[in-house]
Undergrad: 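This structure is in structure tokens; I'll ask about it shortly.
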Amino acid sequence: MAERKPVIVSEEELRLQREYMQMVRENPERPASYHVVTYGCQMNAHDSEKLAGMLRDMGMEEAPDREHADFVIFNTCCVRDNAERRALGNVTWLKEIRKQNPKLIIAVCGCMIQQPGMADRILRQYKFIDLAFGTSNLHKLPELMHKKLQSDRAVVQVEDEDTIAEDVPVKRLRKDSAYITIMYGCDNFCSYCIVPYVRGRERSREKSAILNEARQLKESGVKEIMLLGQNVNSYGKGLAEETNFARLLQELDEIGIPRIRFMTSHPKDLSDELIEVLRHSRHILPQFHLPVQSGNDEILRRMNRRYDRARYLDRVRKLREAVPGIGLTTDIIVGFPGETEEQFLDTMALVDEVGYDSAFTFIYSPRTGTVAAGLADQVPEDVAADRIQRLIALQDRRQKEEMARFLGMEEEVLVEGLSRRSDKAVSGKGRHGVSITFGGTEEDVGRIIRVRVTEIKNNTLMAERLD
Ligand code: 5AD
Ligand code: SF4
């Protein structure tokens, strides 16, 4: 792996972007409204909040949907084939909308654009795209928008750099809960995964920048922060100050924001030190997303995960011992090249043994440029489809069994909104990460409310208020 230094985007550059923002704001030709379409993970959701923040500061109003916007931007994902196809399908469909609104500007950004050769391909095949930029150029949207307004040609910028840009304006999706990115990129090169190629090398934000952001969020009344990174457990590598994720969490815990969550963790880097911090913390929620991917040692080895089943189960045991009742969730891939029925059954047995509160299950999807895409023995689609169905059925049953531990228990819920089924009920996540629904009104949204769990309905917990 080539050594690459992270590029800290300079204050000067950010000032320049603010100047572009103002130029766009003052340009009568600029779009009046925008709509951001987001695919993929929380990292992308947070990037979209930054896109929205910059667009707002360029004087544009948020449109309720893409049909009513003059500027539509697709923030894409390419982790699996279906996410990529969906994005491209929707971009193509938007071409029709432009027949009704000739002023419409169509932009595409995110992981899909950052794939080698993709920018050229998109511009050759999808000539109606006006603006395209990669994950490392996000902060340059004002400049690119300014250029686009001066030209009839498509504006494209994709650089192979590992940037960290501080102080990009953010328009947050929620008032009560906020994302904080703590590290970017990934160095793990799991053999199936495209992320290291499109999000670049691992790089951590300065601890002081993260703590400042958290303090400001607390001041503004935020009740929950979600720390983001592809591999939060390796936070701190390469920083001048010697630190790590456990220490960062401890300092964040002391700030006093009521709820702290984080994702994603890599089992190989989940240290005893971190588990000790969880054991003693006041505000870190008792929940843990710990992707296992497979329960078979040979598959894990070929996935380049660098842990085995025994090590994974040891981490689970330690977590449960330190934080009794902790909510565990995971990611699993079925149909990795060469996966036999016996190897798949090892995954089934692990899922049965651990008992997750929920599991994200995926059929392996070959990604061009990754090691696994070149492996012989790709598993036939029907075999993989059959396996994932059996896995989902097992997880459904185990999930129900695990939910039973909440019956009669007190929980605290951060209310996200009215329940989808009734306007006299609200729902949100409990401390363990499970959705809870109970009687309430719009006024409860954004508040933390104490409840007692009374019933389990379709994997949702129903509860009564205690406050
Ligand atoms: N095919 C299927 N699933 C994948 N994931 C990542 N890459 C692939 C792929 N090529 C899954 C992993 C990861 C989650 C975010 O997406 O389970 O943890
Ligand atoms: Fe992909 Fe593995 Fe990095 Fe996660 S840890 S982003 S699965 S390479």
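One is the number of the first residue; the rest follow in order along the sequence. Whatever order the structure lists them in is the order used to number ligands and atoms, beginning at 1.
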Undergrad: Considering only NZ, NE, NH1 and NH2 on the basic side and carboxylate oxygens on the acidic side, decide whether Glu412 and Arg259 come within less than 4.0 Å.
TA: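 Between Arg259 and Glu412 there is no salt bridge, as every charged N stays at least 4.0 Å from the carboxylate O atoms.
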Undergrad: Go through the steps to decide whether Arg317 and Glu321 satisfy the test salt bridge (Lys or Arg N to Asp or Glu O under 4.0 Å), and finish with yes or no.
TA: CA-CA 6 Å; Arg317 189 181 52 74; Glu321 184 257 319; 5.7 Å; no
Undergrad: Answer whether the closest heavy-atom distance between the side chains of Leu319 and Leu278 falls below 4.5 Å.
TA: yes
Undergrad: So which bit of Tyr192 gets within less than 4.0 Å of ligand 1, heavy atoms only: side chain, backbone, both or neither?
TA: both
Undergrad: Give a yes/no verdict on whether any heavy atom in Arg305 is under 4.0 Å from an atom of ligand 2.
TA: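 Within the 4.0 Å threshold, so yes.
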Undergrad: Parallel, tilted or perpendicular: which one describes the rings of Tyr179 and His46, with boundaries at 30° and 60°?
TA: tilted
Undergrad: Kindly indicate, with the supporting measurements, whether the criterion side-chain contact (heavy atoms from CB on, under 4.5 Å) is fulfilled by Glu411 and Phe406.
TA: CA-CA 8 Å; Glu411 255 285 18; Phe406 293 111; 4.1 Å; yes
Undergrad: Which protein non-hydrogen atom lies closest to atom 7 (S) of ligand 2, naming both residue and atom, and how far is it?
TA: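 The protein heavy atom lying closest is Tyr192 OH, 3.4 Å.
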Undergrad: Any idea which part of Ile194 is under 4.0 Å from ligand 1, heavy-atom wise: side chain, backbone, both or neither?
TA: neither
Undergrad: Looking only at distance, does Arg367 have an N or O less than 3.5 Å from an N or O of ligand 1?
TA: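 In this structure, Arg367 places no N or O atom under 3.5 Å from an N or O of ligand 1.
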Undergrad: Got Thr437 and Arg421 here, is their nearest side-chain heavy-atom distance under 4.5 Å?
TA: no
Undergrad: Check whether any N or O atom of Arg80, backbone or side chain, sits under 3.5 Å from an N or O atom of ligand 1, and answer yes or no.
TA: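 Yes - when backbone and side-chain N and O of Arg80 are compared with those of ligand 1, one distance drops under 3.5 Å.
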Undergrad: Measure across Leu285 and Glu224 and return the closest heavy-atom pair with its distance rounded to 0.1 Å.
TA: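 Minimum heavy-atom contact is CD1-OE1, 4.1 Å.
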Undergrad: Looking at Ser365, which atoms of ligand 1 are within less than 4.0 Å of one of its heavy atoms?
TA: 1 (N), 2 (C), 9 (C), 10 (N)
Undergrad: Numbering the atoms of ligand 1 from 1, which are under 4.0 Å from a heavy atom of Asp331?
TA: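 Taking each heavy atom of Asp331 in turn, ligand 1 has 13 (C), 14 (C), 15 (C), 17 (O), 18 (O) under 4.0 Å.
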Undergrad: What protein heavy atom lies closest to atom 4 (C) of ligand 1? Include the residue and the distance to one decimal.
TA: Ile333 CD1, 3.6 Å
Undergrad: Looking at Asp187, Asp47, Asp160, which one forms a salt bridge (Lys or Arg N to Asp or Glu O under 4.0 Å) with Arg199?
TA: Asp47
Undergrad: Anything protein N/O/S under 2.8 Å from atom 3 (Fe) of ligand 2? Just list residue and atom, please.
TA: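 Correct list: Cys186 SG.
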Undergrad: How far is atom 2 (C) of ligand 1 from the closest protein heavy atom, and which atom is that?
TA: Ile363 O, 3.4 Å
Undergrad: Any side-chain heavy atom of Arg315 sitting closer than 4.5 Å to one from Ile275?
TA: yes
Undergrad: Would you call Ile210 and Leu248 a side-chain contact if the rule is heavy atoms closer than 4.5 Å?
TA: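 SC-SC contact between Ile210 and Leu248 confirmed.
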Undergrad: List ligand 1 atoms under 4.0 Å from Tyr364, heavy atoms only on the residue side.
TA: 1 (N), 2 (C)
Undergrad: Decide yes or no for His266 and Leu290: does some side-chain heavy atom of the first lie under 4.5 Å from some side-chain heavy atom of the second?
TA: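 A side-chain contact under 4.5 Å is absent here.
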Undergrad: Which atoms of ligand 1 are found less than 4.0 Å from any heavy atom of Gln293?
TA: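 Close to Gln293: 12 (C), 13 (C), 17 (O), 18 (O).
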Undergrad: Sorted by first residue and then second, give each side chain to side chain donor-acceptor pair (under 3.5 Å) pair with at least one member in residues 119-132; sequence neighbours left out.
TA: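 Found Arg98-Asp130.
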Undergrad: Distance under 4.0 Å to a non-hydrogen atom of Val79: what atoms of ligand 1 satisfy this?
TA: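 Counting atoms of ligand 1 from 1, those under 4.0 Å from Val79 are 5 (N), 6 (C), 7 (N), 8 (C), 9 (C), 10 (N), 16 (O).
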